[in-house]
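What you are looking at is a predicted structure, and each value in this text was computed from that prediction instead of being measured.
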Amino acid sequence: MRLGDIIVAVASPPGWAARAVIRLSGPGAWAMLSGVLDTAVTQRGCRAARLRFGPSGLPALLLAQAARRSYTGEESAELVLPGSPLLLDRVLRMLAGLPGARLAAPGEFTARAYLAGRMTLEQAEGVAALIAAQGEDERASAADLLGGEAGKRYRDWIEEAATLLALVEAGIDFSDQEDVTGVSTSDLARRVERLLDDLASFAGSRRAREAEAASLPRVILAGAPNAGKSTLANALLGRSRAVVSDQPGTTRDALEEVLDLTGVIPGGSAVLLTDTPGIDDGGGAIHAAAQHAARAALAGADLVVYCDPLGRFAPLPVAAQAELRVRTKADRVAPPESTGLPVCALDGWNLPELRRQIACLATSHRARGLAALLPRHREAMDRAAAHLDGARLLALDDAGAEVIAGELRAALDALGELAGRIDPDRVLGRVFASFCIGK
């Protein structure tokens with residue numbers, strides 16, 4: 001991410017609309033706009049303007065924000081234009097081609113707001129979470145971040161960890177001074193244990209666990225009985241989670257497991273993979289319950305991986321937000337006119353491509369704000385807890401102060417990542433990659 005230039009992006013939802021918004025931010029944004037509008041931009045405010053575009057120009061509504069009041073802390077402006085995607089693309093490329101301007105990277109507007117001190121890191125993540133929220137619980141969690149409630153908790157932990165580290169290091173650096181007292185190992189162990197309990201109650205709460213699971217994109221394996229869904233699920237997970245049998249109808253309930261797709265694509269994250277009972281018209285109470293479970297899973301899916309070893313896909317009984325057709329058991333001869341991505345779960349043929357397509361489709365049909373946010377926080381808290389527990393055990397064993405200080409320093413570094421104070425390049429890269437362009 002380069003600072004100092006003018007970034008440009010479409011900041012309204014994709015697709016046709018009556019109106020759409022192009023956003024600009026950066027030093028000199030007003031001067032650049034003055035060169036392409038029929039009016040000079042010299043002060044903040046909202047007014048009608050005409051963009052020098054095409055033979056007769058293009059009517060626009062201009063909203064200019066001064067640096068001290070804008071979202072990014074830079075000179076900023078928005079152009080409200082007719083919402084034709086083709087027109088927006090041409091205007092966007094014209095503006096991005098002007099000297100000193102370029103297309104914005106994902107999340108760059110909010111990243112600049114953070115770097116300008118307009119918001120904290122957790123508030124920036126709250127923006128992403130609020131965009132991604134799909135229910136009241138997710139909205140409330142995003143509001144906690146955006147309002148700084150989670151950040152206050154993090155800062156309290158950081159303050160306590162820093163205080164404990166300072167006390168231990170005081171005992172090391174000023175051991176020859178009679179009026180400087182560090183902390184006894186028993187007191188240190190008690191205070192570290194209280195801090196650990198606070199982390200555990202926050203990170204391990206039922207609400208936090210449920211929010212994390214709810215935030216993951218839901219990927220459903222669907223198809224007729226004996227279509228190879230369970231074998232494919234085991235191959236994707238890398239372990240035997242579902243029972244596999246040649247007898248149709250082995251799976252009677254929806255089996256959920258987290259499938260980690262981090263690193264499969266840039267910004268990839270985990271998804272909730274669900275193996276469902278085969279969909280057919282059989283009878284019996286148990287079979288009816290299994291069919292109900294399969295249809296319920298389909299109704300809540302972000303992506304349906306439709307499995308058929310013949311590659312002939314009938315319409316699903318429940319409409320899906322996104323569908324990926326997979327010809328399973330591809331080690332067998334393909335029938336004429338078969339379609340779908342061929343995959344063999346037995347030898348892993350085409351599994352990497354299937355993982356890539358799942359990662360792309362699942363994350364494109366659910367914004368990744370919460371999915372990217374919660375694992376980062378949990379990872380940092382888990383590392384902090386491990387180092388704090390190490391410091392506690394060392395204190396109970398009356399280990400050397402230098403060793404205890406090393407564990408406390410590592411815990412402080414991990415906690416600092418939550419507030420963006422430690423290793424900012426690595427933290428920022430993971431946070432803002434989850435945004436869409438124009439945010």
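- Atom CD of Glu108 and atom OG of Ser25 lie 9.0 Å apart (nearest 0.5 Å).
- In this structure, CD1 on Ile220 lies 3.5 Å from OG1 on Thr274, to the nearest 0.5 angstrom.
- Here the CG-CG distance, from Leu24 to Leu63, works out to 11.5 Å after rounding to the nearest 0.5 Å.
- The backbone N or O of Ala224 sits less than 3.5 Å from a side-chain atom of Lys229, completing a donor-acceptor pair.
- In this structure, CD in Glu407 is found 6.0 Å from NE2 in His387, a value given to the nearest 0.5 Å.
- Ser76 and Trp30 get closest at one heavy-atom pair: O-NE1, 3.1 Å.
- Residue Ala40 comes nearest to Arg47 through the heavy atom pair O-NH2, 3.4 Å, listed as atom of the first residue, atom of the second, then distance.
- At least one donor-acceptor pair under 3.5 Å links the side chain of Asp302 to the backbone N or O of Arg218.
- Residues Arg118 and Thr72 have side chains not in contact (no heavy-atom distance under 4.5 Å, counting atoms from C-beta outward).
- Contact detail for Met94 and Phe53: the closest heavy-atom pair is CE-CD1, 4.0 Å.
- Side-chain contact, Trp349 with Asp331: no donor N or O sits under 3.5 Å from an acceptor N or O.
- Side-chain atoms of Arg52 come within 3.5 Å of backbone N or O of Gly35 as a donor-acceptor pair.
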Step-by-step side chain to side chain contact (heavy atoms under 4.5 Å, CB included) determination, Leu88 to Leu92: CA-CA 6 Å; Leu88 287 173; Leu92 183 68; 5.9 Å; no
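- Without hydrogens or angle criteria, Arg355 side chain to Leu236 main chain gives a donor-acceptor distance under 3.5 Å.
- Note that CG of Leu87 is 7.5 Å distant from CD1 of Ile22, once rounded to the nearest 0.5 Å.
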